[in-house]
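Notes for the one structure printed next.
Residue numbers run from 1 in the order of the sequence given.
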Amino acid sequence: MTGPKYMNSRTRHIRETWARHCDKVLFMSSIKIDFPTVGLNVSEGRENLYWKTIRAFQYIHKHHLDEADWFLKADDDTFVVVEHLRYLLSKFDTEEPLYLGRRFAPFIKQGYNAGGAGYVLSKEALRFIRGFDTGECAHSSKIEDKALGKCMETMKVEIVDTRDVKGRERFHAYPPENHLVRQLPRPRPWFRLFDYYDPKEGPDCCSDLVVSFHYIYAEQMYVLDYLTHHLRPYGYKYRFNPDENSSTTKSMKTVHRNRIGQQMEAEWGTTCGKGAIGWIRTRAARLED
């Protein structure tokens, strides 16, 4: 989601960084230009953001529904690690009406996802747009994410807990420094009052598999893109395995490796010989580590 005045200062930097990792990108604006953007024929301004978002989803539902399994809405100052998003979404079924992002608490029973952090709809969830034809959804608030959350709840779209196995958040409504810098004990600041889950500050705030940060501009886009896709500490062995409970990791790895070895031996033993099976077992063990 963007606007004409932000094409050079924000939107083009997204196109040059994280958007390159998406399967398909549409830049939604109030007017159509050669960038290119999709013109939604709505007025700019925060008070019109909800209808602008709805028009965008209506356009996608009409023209692109069968081109993807998941649909991400992000602002022109949101940075997204697409590879981490793909991993997260691999755990869910796009044929279920699901809605993923940074879960906020007030106003709506099941909560709603913060607009600035970006949120994702499954293919089935995108059909929520029919609620505007039936009258089940309407302009209930000028606050885009809150109003959308109300419509999602009405249309039985389930909000998903997107925290990792250690309870750390993946989607973030503020830049990294707002989350990563540990603060002295104090009452929860106003911008943390919306969090559905108890917020954490310091290194435990954020998952190793972070999906997004908000309020990221021009130069910061390139910095985060470099840190995400290029910087690798030499000799560092990555220890966090998001698929396994830390208390049972070792035993599960052993069982899984044995199963891999047995399966490989059964399927490849007569063709490849023991040498090939040994290489496969070693490689599987390294992958599991």
Check: How many angstroms lie between CZ in Arg55 and NZ in Lys52, if you round to the nearest 0.5 Å?
Finding: 13.0 Å
Item checked: Check against side chain to side chain contact (heavy atoms under 4.5 Å, CB included), Ile54 and Trp51 -> CA-CA 5 Å; Ile54 297 306; Trp51 278 123; 3.9 Å; yes
Check: Is there side-chain contact between Arg103 and Asn113, with at least one heavy-atom pair below 4.5 Å?
Finding: yes
Check: At their closest point, which heavy atom of Ala218 faces which heavy atom of Ser9, and how far apart are they?
Finding: CB-O, 4.0 Å
Check: Taking the six-membered ring where the residue is Trp, are the ring centres of Trp18 and Tyr222 under 6.0 Å apart?
Finding: no
Note to self: Once disulfide (SG to SG under 2.5 Å) is applied, do any residues pair with Cys205, and if so which ones, sequence neighbours excluded?
What the structure shows: none
Item checked: Quiz item: cation-pi between Arg102 and Phe171, 6.0 Å / 45° -> no
Item checked: Joint hydrophobic cluster, Phe57 plus Val38, side-chain heavy atoms closer than 4.5 Å -> yes
Checklist line | Partners meeting side chain to side chain donor-acceptor pair (under 3.5 Å) with Glu83 (sequence neighbours left out) | finding: His21, His229
Margin query: Which heavy atom of Tyr50 sits nearest to which heavy atom of Cys151, and what is that distance?
Written below: OH-CB, 4.3 Å
Check: How many angstroms lie between atom CG of Asp77 and atom OG1 of Thr11, to the nearest 0.5 angstrom?
Finding: 9.5 Å
Check: Should Val211 and Thr162 count as side-chain neighbours, where that means a heavy-atom distance under 4.5 Å?
Finding: no
Checklist line | Gap separating the CG atom of Leu65 from the CG atom of Asp69, nearest 0.5 angstrom | finding: 10.0 Å
Note to self: Quick check for you: to the nearest 0.5 Å, what is the distance between Met155 atom CE and Leu148 atom CG?
What the structure shows: 11.5 Å
Item checked: Any donor-acceptor N/O pair, Thr37 side chain to Gly39 backbone, under 3.5 Å -> no
Checklist line | Leu40 vs Ser30 side-chain heavy atoms within contact, under 4.5 Å | finding: no
Notebook entry, point to check: Does the side chain of Tyr119 reach to within under 4.5 Å of the side chain of Phe71, using non-hydrogen atoms?
Noted result: no
Notebook entry, point to check: Between Phe92 and Trp70, how do the two ring planes meet: parallel, tilted or perpendicular, split at 30° and 60°?
Noted result: perpendicular
Next item on the list: Could you tell me whether a side-chain N or O of Asp93 sits under 3.5 Å from a main-chain N or O of Glu95, the two making a donor and an acceptor?
Entry: yes
Note to self: Check whether His214 reaches the backbone of Ala173 with its side chain - one donor and one acceptor, N or O, closer than 3.5 Å.
What the structure shows: yes
Next item on the list: For the pair Leu26 and His64, evaluate side chain to side chain contact (heavy atoms under 4.5 Å, CB included) and give the outcome as yes or no after the intermediate values.
Entry: CA-CA 10 Å; Leu26 297 174; His64 301 282; 3.6 Å; yes
Next item on the list: Would you mind checking if Asp208 and Arg168 are paired as a salt bridge, meaning a charged N to carboxylate O distance below 4.0 Å?
Entry: yes
Check: Any Lys/Arg nitrogen of Asp204 or Lys200 sitting under 4.0 Å from an Asp/Glu carboxylate oxygen of the other?
Finding: no
Notebook entry, point to check: Parallel, tilted or perpendicular for Phe35 and Phe27, by the 30°/60° rule?
Noted result: perpendicular
Next item on the list: Report yes if some heavy atom in the side chain of Asp164 is under 4.5 Å from a heavy atom in the side chain of Arg170; otherwise report no.
Entry: yes
Margin query: Is there a path of hydrophobic side-chain contacts, each under 4.5 Å between heavy atoms of I/L/V/M/F/W/Y residues, joining Leu224 to Leu85?
Written below: yes
Notebook entry, point to check: Does the distance from a Lys or Arg side-chain N to an Asp or Glu carboxylate O, for Lys73 and Asp75, drop under 4.0 Å?
Noted result: yes
Next item on the list: Could you check whether the rings of Tyr112 and Phe104 sit parallel, tilted or perpendicular, using 30° and 60° as the cut-offs?
Entry: perpendicular
Notebook entry, point to check: Passes side chain to side chain contact (heavy atoms under 4.5 Å, CB included), Arg12 versus Met7? Steps please.
Noted result: CA-CA 6 Å; Arg12 72 183 181 91; Met7 301 309 299; over 6 Å; no
Notebook entry, point to check: So with a 6.0 Å cut-off around NZ of Lys91, is the heavy-atom count from everything else above 12?
Noted result: yes
Item checked: Minimum heavy-atom distance Asp76-Arg10, with the two atoms named -> OD1-NH1, 3.0 Å
Notebook entry, point to check: Between Asp23 and Arg86, is the closest basic N to carboxylate O distance under 4.0 Å?
Noted result: yes
Margin query: I need the Cys137 SG to Phe128 CZ distance, nearest 0.5 Å.
Written below: 7.0 Å
Note to self: Is the ring pair Tyr215/Tyr217 parallel, tilted or perpendicular, if the boundaries are 30 and 60 degrees?
What the structure shows: tilted
Margin query: Less than 4.0 angstrom from a charged side-chain N to a carboxylate O is my criterion; do Glu67 and Lys24 meet it?
Written below: yes
Item checked: Shared hydrophobic cluster for Tyr99 and Leu89 (ILVMFWY, side-chain gaps under 4.5 Å) -> no
Check: What is the minimum heavy-atom distance between Ser122 and Pro97, and which atoms define it?
Finding: OG-CA, 3.7 Å
Check: Considering all heavy atoms of both residues, which atom of Ile14 and which atom of Thr78 are nearest to each other, and what is their separation?
Finding: CD1-O, 4.1 Å
Margin query: Could you see if Val80 belongs to whatever hydrophobic cluster contains Leu121? Use Ile, Leu, Val, Met, Phe, Trp, Tyr and a side-chain cutoff under 4.5 Å.
Written below: no
Check: Which residue, Val157, Thr94, Ile60, forms the side-chain contact (heavy atoms from CB on, under 4.5 Å) with Leu126?
Finding: Ile60
Check: Should Arg188 and Asp198 count as an ion pair when the cut-off is N to O under 4.0 Å?
Finding: yes
Checklist line | Pairwise side-chain contact, Arg20 with Asp225, heavy-atom cut-off 4.5 Å (strictly under) | finding: yes
Note to self: Is it the case that atom CG in Asn41 sees more than 12 heavy atoms from other parts of the structure closer than 6.0 Å?
What the structure shows: no
Margin query: Taking the basic N atoms (NZ, or NE/NH1/NH2) and the acidic carboxylate oxygens, is any pair closer than 4.0 Å for Asp161 and Arg163?
Written below: yes
Next item on the list: May I ask you to say whether Glu201 pairs ionically with Arg186, meaning some side-chain N is under 4.0 Å from a carboxylate O?
Entry: yes
Item checked: Stepwise side chain to side chain contact (heavy atoms under 4.5 Å, CB included) check, Phe107 with Ile143 -> CA-CA 11 Å; Phe107 313 122; Ile143 304 174; 5.7 Å; no
Next item on the list: Go through Phe213 and His172 one step at a time and tell me if the ring pair (Phe, Tyr, Trp, His ring centres under 6.0 Å) criterion holds.
Entry: CA-CA 5 Å; Phe213 288 109; His172 299 279; 5.0 Å; yes
Notebook entry, point to check: To the nearest 0.5 Å, how far apart are NZ in Lys123 and NE2 in His61?
Noted result: 10.0 Å
Notebook entry, point to check: Which atoms form the tightest heavy-atom contact between Gly3 and Glu44, and what is the distance?
Noted result: CA-OE2, 3.5 Å
Check: For the hydrophobic clusters of this structure (ILVMFWY residues joined by side-chain heavy atoms under 4.5 Å, transitively), does one cluster hold both Met28 and Leu49?
Finding: no
Margin query: Using side-chain heavy atoms (C-beta onward) and a distance below 4.5 Å, is Cys206 in contact with Pro176?
Written below: no
Next item on the list: Without swapping roles, check the side chain of Asp145 against the backbone of Ala114 for a donor-acceptor pair under 3.5 Å.
Entry: no
Next item on the list: Please indicate whether Gln183 has more than 12 foreign heavy atoms, meaning atoms of other residues, nucleotides or ligands, lying under 6.0 Å from its CD.
Entry: yes
